[in-house]
> 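So that we are looking at the same thing, I have put the structure below in structure tokens.
Positions are given from 1 along the sequence.
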Amino acid sequence: MTSGRLIGVGTGPGDPQLVTRRAWALVQNASVIAYPAPDTGTSFARSIVAEAIPDDAVEIPMIVPMRPGRAPAQSIYDDAAAAIGEHLAAGQDVVVLCEGDPLFYGSFMYLLVRLRDRCQVEIVPGVNSLSACAAAQAHPLVARSDVLTVLPGTLDDAALAAAISAADAVAIMKIGRHMPRLRALVARLGLADKALYTSHASLPHERALTLAEAPDDAPYFSMILIYKGDD
């Protein structure tokens with residue numbers, strides 16, 4: 001075991017004020033910080049806590065191509081784990097930033113499986129996108145003994161329809177270019193009047209609409225919520 005700690009920090013859905021006090025303090029005191037970043041543009045996770053990052057912190061951006069398929073991303077996480085491992089072996093803690101919560105569709109999990117046998121691990125939960133989108137809509141996710149099902153919009157229509165039909169409440173993530181197809185599917189299932197659309201929850205450009213009002217060109221950071229219970 002190395003003397004450095006691997007610390008996964010949830011940065012929440014976007015608003016810096018939704019970052020936990022624990023997470024903010026760890027970033028402020030970090031000497032090494034790693035974070036996912038797209039191959040074009042800036043890191044969303046980093047931008048959320050940018051004001052807290054020390055000027056002298058060593059930064060390890062993990063550049064992940066924004067396209068389907070596991071192969072390119074896996075080699076990137078291999079390289080990132082190797083770079084982070086060097087700092088851990090030198091006795092330095094490494095703070096890894098992650099949008100939302102580190103273990104809810106979070107990239108941190110790919111580093112965790114590569115490094116957890118070599119070091120101590122601390123994980124700081126963050127406000128996830130489900131909670132943020134429900135708050136933006138001021139609408140419940142689930143109640144009582146309801147079953148909530150979380151689905152990636154990349155699934156085919158048959159798989160989505162079966163899961164949606166079996167659930168009391170549904171969250172569909174990773175919408176993007178799939179929006180027209182998803183909207184049509186929800187309508188076919190007779191749930192259009194219970195479906196809500198949210199994009200960029202907690203950010204200044206947040207949009208909280210009904211699914212009928214949602215744009216066809218939905219961004220990646222958007223979600224459809226369906227609650228079949230009574231309003």
> Looking only at heavy atoms, which two atoms of Pro13 and Ser202 are closest? And how far apart?
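The answer is CG-OG, 3.5 Å.
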> If every non-hydrogen atom of Leu130 is compared with every non-hydrogen atom of Leu148, which pair is closest and at what distance?
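It is CD1-CD2, 4.3 Å.
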> Roughly how far apart are Tyr197 OH and Leu209 CG, rounded to 0.5 Å?
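CG of Leu209 is found 7.0 Å from OH of Tyr197.
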> Roughly how far, to the nearest 0.5 Å, is the CG atom of Leu191 from the CG atom of Leu211?
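The CG atom of Leu211 sits 10.0 Å away from the CG atom of Leu191.
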> Specify the closest pair of heavy atoms between Ala23 and Gly10, including all atoms of both residues, with the distance to one decimal.
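Looking at all heavy atoms of both residues, the shortest contact is CB-O, 3.9 Å.
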> Hey, is Arg183 close enough to Asp216 for a salt bridge, meaning N to O under 4.0 Å?
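Salt bridge present between Arg183 and Asp216.
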> For Val32, enumerate each residue passing the side chain to side chain contact (heavy atoms under 4.5 Å, CB included) test, keeping only those at least two apart in sequence or located in another chain.
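In terms of side chain to side chain contact (heavy atoms under 4.5 Å, CB included), with neighbours along the sequence ignored, Val32 is linked to Val58, Ile60, His87, Gln92, Val94.
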> In Å, rounded to the nearest 0.5 Å, how long is the span from OG of Ser145 to CG of Asp168?
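Nearest 0.5 Å value for the OG-CG distance: 7.5 Å.
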> With a 4.5 Å cut-off on side-chain heavy atoms, are Val147 and Thr149 touching?
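When only atoms from C-beta onward are counted, Val147 and Thr149 do touch, with a gap below 4.5 Å.
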> Establish whether Leu103 and Ile84 are linked, either directly or via other cluster members, by ILVMFWY side-chain heavy-atom contacts under 4.5 Å.
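Yes; tracing contacts between hydrophobic side chains, which count when under 4.5 Å, links both residues.
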> State whether the number of non-hydrogen atoms from other residues, nucleotides or ligands found under 6.0 Å of Gln120 atom CD is greater than 12.
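Atom CD in Gln120 is not crowded, with 12 or fewer foreign heavy atoms closer than 6.0 Å.
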> Among all residues two or more places apart in sequence or in another chain, which pass the side chain to side chain contact (heavy atoms under 4.5 Å, CB included) test with Val113?
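Partners of Val113 under the side chain to side chain contact (heavy atoms under 4.5 Å, CB included) test: Arg116.
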> Under the side-chain hydrogen bond (donor to acceptor under 3.5 Å, both in side chains) test, which residues partner Gln28, sequence neighbours left out?
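None.
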> Would a single hydrophobic cluster contain both Phe108 and Phe104, if residues Ile, Leu, Val, Met, Phe, Trp and Tyr are joined by side-chain heavy-atom contacts under 4.5 Å?
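The answer is no; the residues belong to distinct hydrophobic clusters.
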> Under the rule for salt bridge (charged side-chain N to carboxylate O under 4.0 Å, His left out), what residues qualify as partners of Asp193, not counting sequence neighbours?
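Counting only residues at least two positions away or on another chain, Asp193 forms no salt bridge (charged side-chain N to carboxylate O under 4.0 Å, His left out).
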> Are Tyr105 and Ile175 co-members of a hydrophobic cluster defined by side-chain heavy atoms under 4.5 Å apart?
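As far as the 4.5 Å side-chain criterion goes, Tyr105 and Ile175 are not connected within one cluster.
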> Taking only residues two or more places apart in sequence, or in another chain, which ones meet Arg207 in a side-chain hydrogen bond (donor to acceptor under 3.5 Å, both in side chains)?
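With neighbours one apart ignored, the set is empty.
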> Could you identify which residues cluster with Val9, counting Ile, Leu, Val, Met, Phe, Trp and Tyr as linked when any side-chain heavy atoms lie under 4.5 Å apart, either directly or through a chain of such contacts?
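Result for Val9 is Ile7, Val19, Trp24, Leu26, Val27, Ile33, Tyr35, Phe44, Ile48, Val49, Ile53, Val95, Leu97, Val124, Leu203, Tyr220, Phe221.
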> Tell me, do Lys194 and His139 make a side-chain contact under 4.5 Å, heavy atoms counted?
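Contact flag for Lys194/His139 side chains = no.
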> For residues Leu189 and Val150: do they belong to one hydrophobic cluster (side chain heavy atoms under 4.5 Å, members Ile, Leu, Val, Met, Phe, Trp, Tyr)?
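The answer is no; the residues belong to distinct hydrophobic clusters.
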> Return the minimal non-hydrogen interatomic distance between Ala169 and Val142, and the atom names on each side.
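For Ala169 versus Val142, the nearest heavy atoms are CB-CG1, 3.5 Å.
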> Applying side chain to side chain contact (heavy atoms under 4.5 Å, CB included), name anything that partners Ala135, two or more places apart in sequence or on another chain.
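Scan of Ala135 (side chain to side chain contact (heavy atoms under 4.5 Å, CB included), adjacent residues dropped) gives none.
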> Between Asp101 (side chain only) and Val127 (backbone N and O only), is there a donor and an acceptor less than 3.5 Å apart?
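A pair under 3.5 Å: no.
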> Find out if a path of hydrophobic residues (ILVMFWY) with successive side-chain heavy-atom gaps under 4.5 Å connects Leu182 to Val170.
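Both belong to a single hydrophobic cluster.
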> Can you see which heavy atom on Tyr227 is nearest to which on Leu141, and at what distance?
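Distance-wise, the nearest heavy atoms are CD1-O, 3.3 Å.
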> With a cut-off of 3.5 Å and sequence neighbours excluded, list every side-chain donor-acceptor pair involving residues 153-167.
unit_1 : atom_1 : unit_2 : atom_2 : d
Asp156 : OD1    : Ala158 : N      : 3.1
Asp156 : OD1    : Ala159 : N      : 2.8
Asp157 : OD1    : Arg181 : NH1    : 2.6
Asp157 : OD2    : Arg188 : NH2    : 3.1
Ser165 : OG     : Ala161 : O      : 2.8

> Determine, stepwise, if the pair Gln137 / Thr198 fulfils side chain to side chain donor-acceptor pair (under 3.5 Å).
CA-CA 8 Å; Gln137 294 282 357; Thr198 310; 3.0 Å; yes
> Supply the atom-to-atom distance Glu206 CD to Ser199 OG, rounded to the nearest 0.5 angstrom.
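OG of Ser199 is found 8.0 Å from CD of Glu206.
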> When rounded to the nearest 0.5 angstrom, what distance separates NE2 in His178 from CE in Met173?
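It comes to 13.5 Å.
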> Run the side-chain hydrogen bond (donor to acceptor under 3.5 Å, both in side chains) test against Ser107 and tell me which residues pass, sequence neighbours left out.
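Once residues adjacent in sequence are excluded, Ser107 has no partner under the side-chain hydrogen bond (donor to acceptor under 3.5 Å, both in side chains) criterion.
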> Test of understanding: with salt bridge (charged side-chain N to carboxylate O under 4.0 Å, His left out), list the residues that count as partners of Glu59, not counting sequence neighbours.
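Result, salt bridge (charged side-chain N to carboxylate O under 4.0 Å, His left out) vs Glu59: Arg46.
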> Taking ring-ring contact (aromatic ring centres under 6.0 Å, His included) as the test, write out the residues that go with His200, two or more places apart.
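Scan of His200 (ring-ring contact (aromatic ring centres under 6.0 Å, His included), adjacent residues dropped) gives His205.
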> Using modelled atom types only, decide if a donor and an acceptor are shared between the side chain of Asp79 and the backbone of Ile76 within a distance under 3.5 Å.
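No; judged by distance alone, with no hydrogens or angles, the pair does not exist.
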> If the condition is side-chain hydrogen bond (donor to acceptor under 3.5 Å, both in side chains), which residues does Glu213 pass it with, not counting sequence neighbours?
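Partners of Glu213 by the side-chain hydrogen bond (donor to acceptor under 3.5 Å, both in side chains) criterion, ordered by chain and then number, come out as Thr210.
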> Work out which heavy atom in Ala136 is nearest to a heavy atom in Ala208; give both atom names and the distance.
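So the two residues come closest at O-CB, 3.8 Å.
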> Please round to the nearest 0.5 Å and tell me the distance separating atom NZ of Lys228 and atom CD1 of Ile226.
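Reported to 0.5 Å precision, the distance equals 7.5 Å.
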